[in-house]
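Side chains included, hydrogens not; waters and symmetry mates left out as well; all remaining heavy atoms used. The chains referred to below are lettered A, B, ... by the order of the sequence lines, with proteins before strands, and numbering in each begins at 1.
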Amino acid sequence: MSTHNQGTELDLSWISKIQVNHPAVLRRAGQIQARRPVKKEWQAAWLLKAVTFIDLTTLSGDDTSCNVQRLCYKAKYPIREDLLKALNMHDKGITTAAVCVYPARVCDAVKALKAVGCDIPVASVATGFPAGQTHLKTRLEEIRLAVEDGATEIDVVISRTLVLTGQWEGSDFIKTSTGKETVNATFPVAIVMLRAIRDFFWKTGNKVGFKPAGGIRSAKDSLAWLSLVKEELGDEWLKPELFRIGASTLLSDIERQIYHHVTGRYAAYHDLPMS
Amino acid sequence: MRTGVIGLILPSTFSFLEMMWRICPALAVGCTVVALVPPASPTPLLLAQLAGELGPFPGIINVISGPASLGPVLASQPGVQKVAFCGALEEGRALRRALAGEGAELGLALGAEALLLLSDAADVDSAVEGVVDAAWSDRSPGGLRLLVQESVWEETMRRLQARMARLRSGRGLDGAVDMGARGAAARDLAQRYVREAQSQGAQVFQAGDVPLDSPFYPPTLVSDLPPASPCAQAEVPWPVVVASPFRTAKEALALANGTPRGSSASVWSERLGQALELGYGLRVGTVWINSHGLRDPAVPIGGCKESGSSWHGGPDGLYEYLRPSGTPARLSYLSKNLNYDTFGLAVPSTLPAGPETGPTPAPPYGLFVGGRFQAPGARSSRPIQDAFGNLHGYVAEGGAKDIRGAVEAAHQATSGWAGQSPGARTALLWALAAALERRESTLASRLERQGVELKAAKAEVELSVRRLRTWGAQAEAEGQTLQVAALRGPVLRLREPLGVLAIVCPDERPLLAFVSLLAPALAHGNTVVMVPSGACPLLALEVCQDMATLFPAGLVNVVTGDRDHLTRCLALHQDVQALWYFGSAQGSQFVEWASAGNLKPVWVSRGLPRAWEQEAEGAGPELGLRAARTKALWLPMGD
């Protein structure tokens, strides 16, 4: 992210004036998926672009340096070399946007990325992820330690307690959810968020980024997300500085689609490298 | 009965013993052999000398010394019934494509990479010796992928490096030497691989310095190789060992099965349960428990996936050189003007059916995928005529997306079905047989509409039911213990399911052929994607109505539509493990050509009809042999 959100004075009247019609939003969400299909080589191009937006994530209890290392290698080489060569995109430096891990694994991620010669940022979730129910002191310390270890981006969990009692915070990016809830990134929610981002930009000139996370597994979905951002916010937001997709298995589905586009065949599990 | 003339194409890396292991079984069952050997190495000349000494039987072994490009020439000679190719992957693929449509059957044994799985419950020092046997000796066929559990990673690396320091490279015939040289080509390949790995960020350890122009390549250990790098996908050359860590046994299996190669592997663990779990879970042809590289002529050696599906040694090796009694000699059926790029690509449009007669309009059948009837992606149907020219019904027009969905559904059902006990499989097949018996009158009346007389129709239904029962009864876990002279401990020859088996049924005998092919495939634990008879798929769809209630979802998937188009989709699909095709000669040729993609074993009819009602052809042992693959599991004992 190049510029930080300078922020503004909290003006609650902005929020009280907002009206959201649920059925209309649902209709628009359905439309996005149906009306903007992308096929053939354009689909391959959009999929490669979607790869550059991915925050390749591993947030499980059994993460060790072994699988974080593998993840970082996959972030550097997200698509198999010969497939990229066939699309003539092997020298465009296609990597994922970032790698997202727990704070304790930031060291391993930084080491692995350095070993493979990749300069993508390491993002860390922090502040008592995913529930956020820890003391402010430890939450700030977590952020500080993660940054010390080498993380350059932090996914902060806002205190829902504060939100529910009307006390708000500001940020550079807004994320649909932690990704660990039962319902995560859905189009209706995203439409409302994107419209809010657009309103904020029109009112203040500050561009806030957007990150859907959780439940985005298929390449087709990722194309719908790209369409959505393009339609609601425009091409300026289709950059890794302002748009990220938090995903882990999405990348393998995109790779399978690209394999199909290049070879015309459907790949077996063992045809593509594991992440 | 014996096959006839066998053409053997052998690579230069073979030792005399390995060549003999392929030639002797062929001679033992009565075949004659023409061996094509590369001119560079001296070993084949010994072979030729031996062949010349067989005075009373001139011509049973013939040796031609020439480049591998003569392979297709050898194979297309009339009279050669089978070609067995051993060597590199790309050459095998090219040979498969070149031989599509020729009379000779092709057996491939490709690649030489092995796998060694070291768990934390292993005797690490012994496992390190296993690595030495596997990769850094003159007996090792190729490079080694080493998977080490994370908790013993440091320890293993240290011991490996210490052991490497004590390896001696030198002239092969010197008895005190561990490994020799294998020629400039092998050395250059290893050098290129290691350089590329280094450029991808891997750590390379080589014991001792060897001058650059020396013919010897030192034992090499590569670690920290990114799995996503091109090196990690390519075959590991000799004498390189590529080591990667894993966390849990489940991850180990995912990593181990995540390459296209599947020839041999060893599992090192002192915990019996874990060792067997890993051994059964690995998709390879040979598994050694707590040992590596053991061989015996009585034990079959082969592979799966892109290591080719031909076997040598043991009973499977003999079956390679045999064919069912009474089968005529294979002739070339090559059609020179078959365009592989356009075969089955476009679906010819079907004319709309004439006006329907009868009281109620016939509702169209959907595709039977994932346990229920669904509409096809193309949302169109094709009419089926009966023998009298009237409309019999409508069936769905399946396309590429439907095949993809069917294969995915079949894959999802694979683990559940393979995990079922043989008794459960028998029960399901018998339940289907009972259901078909109850449906006899409907099936017989449909057959009658196709021009079969009532008595013959009833007989066909009855035979189908009987076949289901017979195959159901044969669904036992086929594993036998082989007698191996030099080993203390059992060697198991396991018969495992292939995975997803795609079957394209013949036009004739719409019910009998369908059931005769379905039953052995299911009995051996496979899940199937079937394209039923094009002339009358309605009988297969009637059977599907019973399967919808009895079988788990995705176990059997039936896709109707244009046969050539669906065959094309299945033959090119990388995730179909085997394909049986009983259609036209051109289709057979295409299937053989397209199978080069993932080297799936195929069985084609070459356009010839098959007598489904006879036991030998409709329910013979050939079906059972082709419906499963073998795995040899070595269990040396001792404490």
### Message
Tell me if the CD atom of B:Glu154 is crowded by more than 12 foreign heavy atoms within 6.0 Å.
### Response
no
### Message
Is there a side-chain hydrogen bond (donor to acceptor under 3.5 Å, both in side chains) between B:Gln200 and A:Tyr77? Walk through the geometry before answering.
### Response
CA-CA 10 Å; B:Gln200 305 279 334; A:Tyr77 302 109; 2.9 Å; yes
### Query
For the atom pair CG (A:Asp62) and CD (B:Glu251), what is the distance rounded to the nearest 0.5 Å?
8.0 Å
### Task
Would you mind telling me which of B:Gly597, B:Ala254, B:Ser244 has the largest number of heavy-atom pairs within less than 4.5 Å of chain A?
B:Ala254
### Query
Which atom names give the shortest non-hydrogen contact between A:Arg256 and B:Asp575, and what distance separates them?
NH2-OD2, 4.5 Å
### Task
Sort A:Leu272 into side chain, backbone, both or neither according to what part of it lies under 4.5 angstrom from a heavy atom of chain B.
backbone
### Task
Could you tell me the separation between the OG1 atom of A:Thr263 and the CG atom of B:Leu572, rounded to the nearest 0.5 Å?
9.0 Å
### Message
Looking at chain B, which one of A:Ile79, A:Asn67, A:Val116 has the largest number of heavy-atom pairs inside 4.5 Å, strictly under?
### Response
A:Asn67
### Under 4.5 Å from a heavy atom of chain A, the part of B:Pro260 involved
both
### Side-chain touch A:Tyr259/B:Gln574, heavy atoms, less than 4.5 angstrom
yes
### Task
Verify the neighbour count for atom NZ of B:Lys401: are there more than 12 heavy atoms of other residues, nucleotides or ligands below 6.0 Å?
no
### Query
Shortest non-hydrogen contact from A:Cys66 to B:Pro245?
SG-O, 3.6 Å
### Task
Please round to the nearest 0.5 Å and tell me the distance separating atom CG of B:Leu255 and atom CZ of A:Arg70.
5.0 Å
### Query
In terms of heavy-atom proximity below 4.5 Å to chain B, should A:Ser65 be classed as side chain, backbone, both, or neither?
both
### Message
Do B:Asn598 and A:His270 have side chains that approach each other closer than 4.5 Å (heavy atoms only, starting at C-beta)?
### Response
no
### Query
A:Asp82 versus chain B, heavy atoms under 4.5 Å apart: side chain, backbone, both or neither?
neither
### Query
How far does NZ of B:Lys305 sit from CG of A:Asp271, to the nearest 0.5 angstrom?
9.5 Å
### Summary
Checked B:His573, B:Gln577, B:His411, B:Arg404 vs chain A; the most non-hydrogen pairs under 4.5 Å come from B:Arg404
### Task
Compare all side-chain heavy atoms of A:Tyr73 with those of B:Asp224 and state whether any distance is below 4.5 angstrom.
yes
